[in-house]
A.B. asks: 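Got a structure for you, questions after.
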Amino acid sequence: MVEILIVAFLILMIMGVPIAFALAMAAFAAVGLSGRYPLVVVVKEMFTGLDSFPLLAVPFFILAAEIMSTGAISRMLLRFASQFVGHLRGGLGYANILTGTLFAGISGSALASAAGPGAMMARMMERSGYSKAYAGALTISVAVIDPIIPPSITMIIYALQDRNTSVGSLFMAGILPGILIAGLLAAVNWWISRKRNYRSGEPRPPLGDMLRNTGAALPALLLIVLIVGGIRGGVFTPTEASVVAVFYAILTSAFIYRGFTLSDLWGAFLRSAIMSVAVLMILAAARAFAWVLIIEGVPQAMADAVIAMDLSPIAFLLMVNLLLLVFGMFMDPLPGVMILVPILAPIAHNLGIAADHFAIIVIVNLTFGLMTPPVGGLIFVVASATRQKPSALIRELPPFFLAALASLLILTFVPALSTWLPQISGFAR
């Protein structure tokens, strides 16, 4: 069954079949051709994969992000970020990074961040004299921060696959890694801006304007505190936090920032519904795919093989990094988490690797796959939003990918970056 599953999946991917259909059809092929189980078991596993209360957080966080990006909140965050860094050499690049990092604390989806405020920033950079391809490549790189800083849809799915973690602990674990990645991207922007002489055309705004911009951005920034603080304080669960985020986004967009109409709300509902269906279809199909692997004993066989190699924890993490970087080039993060975490997390636990540390390694690794060809979803989203060829963006990405690799190595060798905040906040198990 495993051979049929893998071969069918690879053939379907080469043919260009969408990932959700490729996973489901491979599972049907494996079960049907083996004749050992009725085909209805695949359908059952797909439904079982979605029969989870925490998964309700996925469509609600997607909806909150759509509302935030539709209303004036994105513009307020952009104005707030630009006032601190916009006057520097390469200032709009820094503003792109800072705005994307702030928006990551509101959204939970890299694609939503890239298509919304990211695309807006890329167009502003182009009008200010930056290379169109460079602006797009920077936007792609900034968007990968979104699933790492809470709230994160990928973290919600991960917590469902590994009982040694929780959504709250993963939310806290992602904050410092997200800031680290943003800092390294800023270093790349500094180097390229000096090399290409990307200068700022705007002076620092007066103190009064800075205070007004900060006050205007505070309601949007408070959403981050509301989500993380509410979960930490036990006021609501992560799933309930997603609903609170939607209502807060509607209230702030409609009554504080104004300009948010019923038509905008309908459009946000429609886009989030389409994106939610796509995400949930992938999760259902990945559950059926993973079931075939589990029923055939693949996780246990891999665990036995790794244990027999007698690897140290660091050697194991380096091996996992290499595996996931290659895996992420061909598969989106969500099915990657569904398929690989049940296999790899128990091995990491047996080797004494902290659950939150290993989770961040997996999530960061698979998220970087969104910026690498041939599948890299962010490349095609930004190419469409900025109206340029994916090949032009790919040529500008290597410096940013090197920064991503550097952050991954730092996170691998410094586990405290992933474990310190969960420990001091009381989330660590």
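What you see is a predicted model; the values in this text were computed from it and never measured.
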A.B. asks: Decide side chain to side chain donor-acceptor pair (under 3.5 Å) for Asp264 and Thr261; before the verdict, give the C-alpha distance in whole Å, the side-chain angles of both, and the deciding distance to 0.1 Å.
C.D. replies: CA-CA 5 Å; Asp264 294 328; Thr261 65; 3.2 Å; yes

A.B. asks: Take atom CD1 in Ile424; do more than 12 heavy atoms of anything else shown fall under 6.0 Å from it?
C.D. replies: yes

A.B. asks: Under the criterion salt bridge (Lys or Arg N to Asp or Glu O under 4.0 Å), I'd like the reasoning laid out for Glu396 against Lys389: C-alpha separation, chi angles, the key distance, then a yes or no.
C.D. replies: CA-CA 12 Å; Glu396 291 278 4; Lys389 294 180 179 179; over 6 Å; no

A.B. asks: Do Ser166 and Ser169 have side-chain N/O donor and acceptor atoms under 3.5 Å apart?
C.D. replies: yes

A.B. asks: Please give me the minimum heavy-atom distance between Gly174 and Met155, naming the atom from each residue.
C.D. replies: CA-CE, 3.7 Å

A.B. asks: Kindly indicate whether the side chain of Gln423, heavy atoms from C-beta on, has any atom under 4.5 Å from the side chain of Met172.
C.D. replies: no

A.B. asks: Consider side chain to side chain contact (heavy atoms under 4.5 Å, CB included). Of Ile282, Leu283, Val277, which one does Val279 pass it with?
C.D. replies: Leu283

A.B. asks: Within a strict 4.5 Å, meaning less than it, do heavy atoms of the Leu409 and Leu318 side chains meet?
C.D. replies: yes

A.B. asks: Counting only N and O atoms by type, is there a donor-acceptor contact under 3.5 Å from the side chain of Ser384 to the main-chain atoms of Phe380?
C.D. replies: no

A.B. asks: Backbone N or O of Leu344 within a donor-acceptor pair of the His349 side chain at under 3.5 Å?
C.D. replies: no

A.B. asks: Are Leu325 and Leu405 packed together at the side-chain level, in the sense that at least one heavy-atom pair is separated by less than 4.5 angstrom?
C.D. replies: yes

A.B. asks: Let me confirm one number: the CE-CZ distance from Met210 to Phe84, rounded to the nearest 0.5 Å.
C.D. replies: 4.5 Å

A.B. asks: Quick check for you: to the nearest 0.5 Å, what is the distance between Leu5 atom CG and Met25 atom CE?
C.D. replies: 13.0 Å

A.B. asks: Is a donor from one side chain sitting under 3.5 angstrom from an acceptor on the other, for Thr48 and Asp51?
C.D. replies: no

A.B. asks: So, Glu126 versus Ser131: side-chain donor-acceptor pair below 3.5 Å or not?
C.D. replies: no

A.B. asks: Are any non-hydrogen side-chain atoms of Ile361 and His357 less than 4.5 angstrom apart?
C.D. replies: yes

A.B. asks: Side chains of Asp356 and Ser418: do they bring a donor and an acceptor to under 3.5 Å?
C.D. replies: no

A.B. asks: For the residue pair Gly90 and Ser193, what are the closest heavy atoms and their distance?
C.D. replies: CA-OG, 3.3 Å

A.B. asks: According to the salt bridge (Lys or Arg N to Asp or Glu O under 4.0 Å) rule, which pairs have a member within residues 83-94, sequence neighbours left out?
C.D. replies: none

A.B. asks: How many angstroms lie between OG1 in Thr99 and CG in Leu92, if you round to the nearest 0.5 Å?
C.D. replies: 9.5 Å

A.B. asks: For the residue pair Ile227 and Phe61, establish whether any side-chain heavy-atom pair is separated by less than 4.5 Å.
C.D. replies: yes

A.B. asks: Suppose we screen for ring-ring contact (aromatic ring centres under 6.0 Å, His included). Which residues come up paired with Phe400, at least two apart in sequence or across chains?
C.D. replies: Tyr134

A.B. asks: Write down the atom of Pro147, the atom of Thr154, and the distance for their closest heavy-atom approach.
C.D. replies: CB-OG1, 3.8 Å

A.B. asks: Heavy atoms only: give me the nearest Met338-Ala286 pair and the separation to one decimal.
C.D. replies: CB-CB, 3.6 Å

A.B. asks: With a 4.5 Å cut-off on side-chain heavy atoms, are Leu185 and Ile145 touching?
C.D. replies: yes

A.B. asks: Which of these, Leu393, Ile394, Val144, sits in a side chain to side chain contact (heavy atoms under 4.5 Å, CB included) with Met371?
C.D. replies: Val144

A.B. asks: Quick one: closest heavy-atom pair of Val362 and Leu324, and the distance?
C.D. replies: CA-CD1, 3.7 Å

A.B. asks: Would you indicate whether the side-chain heavy atoms of Leu98 and Tyr94 approach each other to under 4.5 Å?
C.D. replies: no

